[in-house]
Number of protein chains: 2
Amino acid sequence: MSESTPLPIRERTRRLAQTELTSVAQDLFVAQGYDGTTVDQIAAAAGMSKRTFFRYFPSKDDLVIGKYDLFADRMAEALDERPADEPIWESLRRVFDTTLDYVQDDYQRARNEAMDEIVRSTPQLYARYLEKMQRVQQLLIGRVAGRLGARGDDPSDPRPAAIVGAAFACMQAARQAWFASDRSDTFGDYLDVAMKTIQLSERPTA
Amino acid sequence: MSESTPLPIRERTRRLAQTELTSVAQDLFVAQGYDGTTVDQIAAAAGMSKRTFFRYFPSKDDLVIGKYDLFADRMAEALDERPADEPIWESLRRVFDTTLDYVQDDYQRARNEAMDEIVRSTPQLYARYLEKMQRVQQLLIGRVAGRLGARGDDPSDPRPAAIVGAAFACMQAARQAWFASDRSDTFGDYLDVAMKTIQLSERPTA
DNA sequence: CCTTTAGTGACACCGGGTGTCAAGTGTGCG
DNA sequence: CGCACACTTGACACCCGGTGTCACTAAAGG
């Protein structure tokens with residue numbers, strides 16, 4: 001019983017070290033750019049060796065885009081919580097609201113936007129970001145397939161992937177448009193516009 | 001006039017060297033995997049040094065995914081050739097037919113499929129593939145925006161990106177489904193199914 | 001107090017990628 | 001013919017991201 005927190009004790013310091021590294025790295029990235037910053041510099045700035053850095057992050061990339069892994073589970077949960085009889089397109093729109101909370105988080109919003117800018121302007125990171133999003137989609141595709149009826153879980157049915165992919169395309173489009181806008185409208189507004197330009201066909205029922 | 005081919009002379013040997021490298025590399029990749037094959041091995045197998053390899057390809061990745069650059073221009077041209085009054089969704093569907101010709105190309109089809117498999121199974125390459133596709137989409141988005149009327153070229157209008165992104169999502173979905181299928185239907189059939197599940201809203205005309 | 005165990009740093013190493021330089025291979029021109 | 005020039009190549013050294021190894025330290029636990 002005395003060992004009610006056998007893992008947290010070590011795990012918590014681990015998290016602290018990770019956030020510390022992330023914080024230090026962000027400053028260096030905005031000052032020197034992503035490619036212009038070496039792992040040695042980040043590690044040194046955090047008072048540790050390169051080798052130790054790689055014990056906290058599997059790669060330099062993961063320090064930046066690792067946080068997107070949380071999205072996957074959060075979105076999957078959010079989708080599960082939608083009523084089963086709700087139109088899929090509407091459910092997906094609501095799932096994206098989960099993202100908005102993250103954007104809304106204000107005391108770190110400037111920092112997050114700076115990191116997003118780095119991801120967008122660094123091809124290598126952007127590529128990995130897209131791949132992560134693709135993985136998130138995979139999680140949702142399975143659930144959407146379940147709602148599509150009997151043929152749903154057939155991997156050779158392209159419809160679930162098409163629907164989820166289209167929804168993410170709308171999110172991506174809204175994201176890009178919102179960044180290019182004067183921010184007088186909310187991201188949610190852009191998301192609505194984007195997703196309203198697309199409709200799902202009446203299900204062939206067959 | 002006698003110098004009617006001043007650049008081709010060198011450029012042609014360059015192309016030859018590139019295709020030779022690509023061919024050799026493909027064999028090594030299928031035998032040892034992508035990560036298990038070093039640039040030194042590829043270069044040696046083609047009878048050159050590592051340094052020379054990087055004069056023909058900017059990176060190891062580009063040897064594999066470089067060919068996708070051709071897609072961008074081909075698709076853009078294909079879209080330009082569609083009648084201006086054709087529904088955009090239909091135009092995009094026809095543009096994807098351009099891809100089919102490539103798949104149809106038979107005397108190298110097995111080889112191409114093997115490379116596609118490598119791209120799909122190597123996260124690093126898959127990420128770069130997605131990024132390339134994103135760039136292709138950018139080319140098409142501009143053109144689609146032009147067709148959408150006055151607000152079309154406004155970068156803060158998410159609709160063009162949403163439409164193009166959705167179309168590519170369908171292509172991706174069809175691709176994945178077709179690979180998982182028994183190939184009794186054509187890829188075009190899957191593309192039709194995927195794209196028919198999605199409709200564009202009536203333009204708000206505003 | 002002593003043993004075990006996790007975390008760490010130092011070091012060597014690998015592979016992708018680049019800069020540099022010197023040697024080779026033409027190609028044109030005097 | 002021979003020289004000069006541009007271009008290509010190979011060899012070498014180097015940087016950086018990432019990994020395996022090992023010895024050290026410090027805390028947990030008997």
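Chain letters run A, B, ... following the sequence lines, proteins first, then strands; residues in each count from 1.
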May I have the distance from B/Q41 (atom CD) to C/dG15 (atom C1'), rounded to whole angstrom? 11 Å
Compare side-chain N and O positions of A/Y56 against OP1 and OP2 of C/dG7 and report whether any pair is under 4.0 Å apart. no
Please report, rounded to the nearest Å, how far the P atom of D/dT9 is from the CZ atom of B/R14. 9 Å
Round to the nearest Å and state the distance from A/L125 atom CG to D/dG17 atom P. 12 Å
Mind checking what makes salt bridge (Lys or Arg N to Asp or Glu O under 4.0 Å) contact with A/D62, not counting sequence neighbours? A/R128
Tabulate atom names and distances for all N/O pairs under 3.5 angstrom spanning the protein and nucleotides 19-21 of chain D.
residue : atom : partner : partner atom : Å
D/dG20  : N7   : A/R51   : NE           : 3.3
D/dG20  : N7   : A/R51   : NH2          : 3.0
D/dG20  : O6   : A/R51   : NE           : 2.7

Test of understanding: with side chain to side chain donor-acceptor pair (under 3.5 Å), list the residues that count as partners of A/R93, not counting sequence neighbours. A/D97, A/D192
Taken in chain and number order and not counting sequence neighbours, the residues that satisfy salt bridge (Lys or Arg N to Asp or Glu O under 4.0 Å) with B/R120 are B/E117
Answer yes or no: is there an ion pair linking B/E113 with B/R183, defined by an N-O contact shorter than 4.0 Å? yes
A/L63 CG to D/dG18 P: how many Å, rounded? 11 Å
From CG of B/D61 across to P of C/dG16 the rounded distance in Å is 10 Å
Taking only residues two or more places apart in sequence or in another chain, which ones pass ring pair (Phe, Tyr, Trp, His ring centres under 6.0 Å) with A/Y56? none
Between B/A17 and A/T37, which has a closest nucleotide on DNA chain D that is more 5'? B/A17
Protein-nucleotide distance (B/Q18, atom CD; D/dT8, atom P), rounded to Å: 12 Å
Roughly how many Å is it from CG in B/D40 to C1' in C/dG17, rounded to a whole number? 11 Å
Within the supplied structure, the quantity of interest is the number of heavy atoms (other residues, nucleotides, ligands) at a distance under 6.0 Å from A/R14 CZ; does it exceed 12? yes
Using ring pair (Phe, Tyr, Trp, His ring centres under 6.0 Å) as the criterion, list what pairs up with B/F54, not counting sequence neighbours. none
At under 4.0 Å between heavy atoms, what does B/G36 touch on the DNA or RNA strands: base, sugar-phosphate, or nothing? nothing
Rounding to a whole Å, what distance do you find between B/I42:CD1 and C/dG17:P? 10 Å
